[in-house]
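Single-structure report; data block below.
Below, read A as the first sequence line, B as the second, and so on, with proteins coming before strands; counting in each chain starts at 1. Keep in mind it's a predicted model, so treat the numbers as computed, not measured.
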Amino acid sequence: MNPSFASCSDAELVLAVRRDRADAAFSVLYDRHTPRAFQTAWRILGGNEHEAEDVMQDAWVRAVDTLDTWRNGQAFGAWLRGITAHVAIDRLRRERRIVFESDVELPAPASPDVIDLETAIASLAPGYRVVLVMHDIEGFTHEEIAERLGITAGTSKGQLFKARRAVRVRLAANTAGGRND
Amino acid sequence: MTKNDDYRDDEWAPEEEAMFASLPRERIPSAELKARTTEAVRHHVGATTIERGLSRNTFILAAAACLIFIAGAAIGFAAARRMARSPDEPPATASNRAVARSDAPILILQPEGHVVWY
């Protein structure tokens, strides 16, 4: 981490990146906010490390390109996570992996082993997973999710309902499996 | 009961919420990603700067060309008006009589005697 920028606020770093295209300032900003945003991308993409890294790179490029839309006082990390989620969703949509229109058949758990919550979320259908991660973990409202996904708030609520049910099914199967052992 | 009420019944129980709260908030990507991202940002920003510079130069050139054209047209128009109003010069159009004279065949007129009637 560059010592001259290490103690700077996000606003100062953003200004340095915008005005001087300072690599050192970008480096500090990157180190400070990437781990949290990367976790978001990783979860939305179902735990695919490689895809999450591609999304993270694209998200930073888009963020730097639109730095003038970031307002001082707004949490930079939350702003970056919003962009990251958007890029991840774009990727899923482009590859037609998200289905919202109808009920999605719940895939059977990959293995009879005990799974944790993270694995249960990762195994959800993308349409469920995106809404669950954005609402229950990232704290987006249904209106915000609806806007980003191009669906109605009602559809977002419906997807969340089914996603929660699917997570419970997986975790319950877990418990039943544990009892059988 | 509405559909939204059904959805509300599906809130997480406190122990489930605790599970969500215990999920890791951060994940460290590979070290290679930082170098890759920095390079991508630098390349993209550089390309954007060049594009913006080009479009600005193109705009300035187009504006300058328009100004030169308008100035030239205005000067030409003003000069034409000044020439048309000049009082020293004869009118540019010939009279009908002058045209008739120039078109008529050349006649050698002989002096003739005049008859005076009383």
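Grouping the Ile, Leu, Val, Met, Phe, Trp and Tyr side chains by contacts below 4.5 angstrom, directly or via other members, places A:F5 with A:V14. Hydrophobic cluster membership differs between A:L15 and A:L29, with clusters built from Ile, Leu, Val, Met, Phe, Trp and Tyr side chains linked at under 4.5 angstrom. A:W42 and A:M134 end up in different hydrophobic clusters when Ile, Leu, Val, Met, Phe, Trp and Tyr side chains are linked at under 4.5 Å. A:L92 and A:I137 fall within the same hydrophobic cluster, defined by Ile, Leu, Val, Met, Phe, Trp and Tyr side-chain heavy atoms under 4.5 Å apart, directly or through other members.
At most 12 heavy atoms of other shown residues, nucleotides or ligands fall within 6.0 angstrom of atom CD in A:E147.
Looking at A:V167, only its side chain comes within 4.5 Å of chain B, counting heavy atoms on both sides. Looking at A:R43, only its side chain comes within 4.5 Å of chain B, counting heavy atoms on both sides. For A:L132, the part lying near chain B is the side chain, with the backbone staying farther off; criterion is any non-hydrogen pair under 4.5 Å. There is no contact between B:A35 and chain A, counting heavy-atom distances below 4.5 Å.
Among the residues in residues 81-90 of chain A, none has a non-hydrogen atom closer than 4.5 angstrom to a non-hydrogen atom of chain B. Within residues 66-76 of chain B, no residue has a heavy atom under 4.5 Å from a heavy atom of chain A. Of all residues spanning residues 20-29 of chain B, those with a heavy atom less than 4.5 Å away from chain A's heavy atoms are B:F20, B:L23, B:P24, B:R25, B:E26, B:R27, B:I28, B:P29, arranged by number.
Counting only heavy atoms from C-beta outward, the side chains of B:R36 and A:D54 approach each other to under 4.5 Å. When side chains are defined from C-beta on, A:V64 does not count as touching B:H44, because their heavy atoms never get closer than 4.5 Å. Side-chain contact check for B:R42 versus A:D23: some heavy-atom pair is nearer than 4.5 Å.
The candidate with the highest count of non-hydrogen atom pairs below 4.5 Å against chain B, out of A:W60, A:Y30, A:F26, is A:Y30.
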Discussion item. Run the side chain to side chain contact (heavy atoms under 4.5 Å, CB included) test on B:K34 and A:T34 for me, step by step, so that the C-alpha distance in whole Å, both residues' side-chain angles and the decisive distance to 0.1 Å come before the verdict.
Written reply: CA-CA 9 Å; B:K34 184 176 180 179; A:T34 295; over 6 Å; no

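Between the side chain of A:Q57 and the main chain of B:A40, no donor-acceptor pair closer than 3.5 Å is present.
Every residue two or more places apart in sequence or in another chain that forms a salt bridge (charged side-chain N to carboxylate O under 4.0 Å, His left out) with B:E16 is listed here: A:R168.
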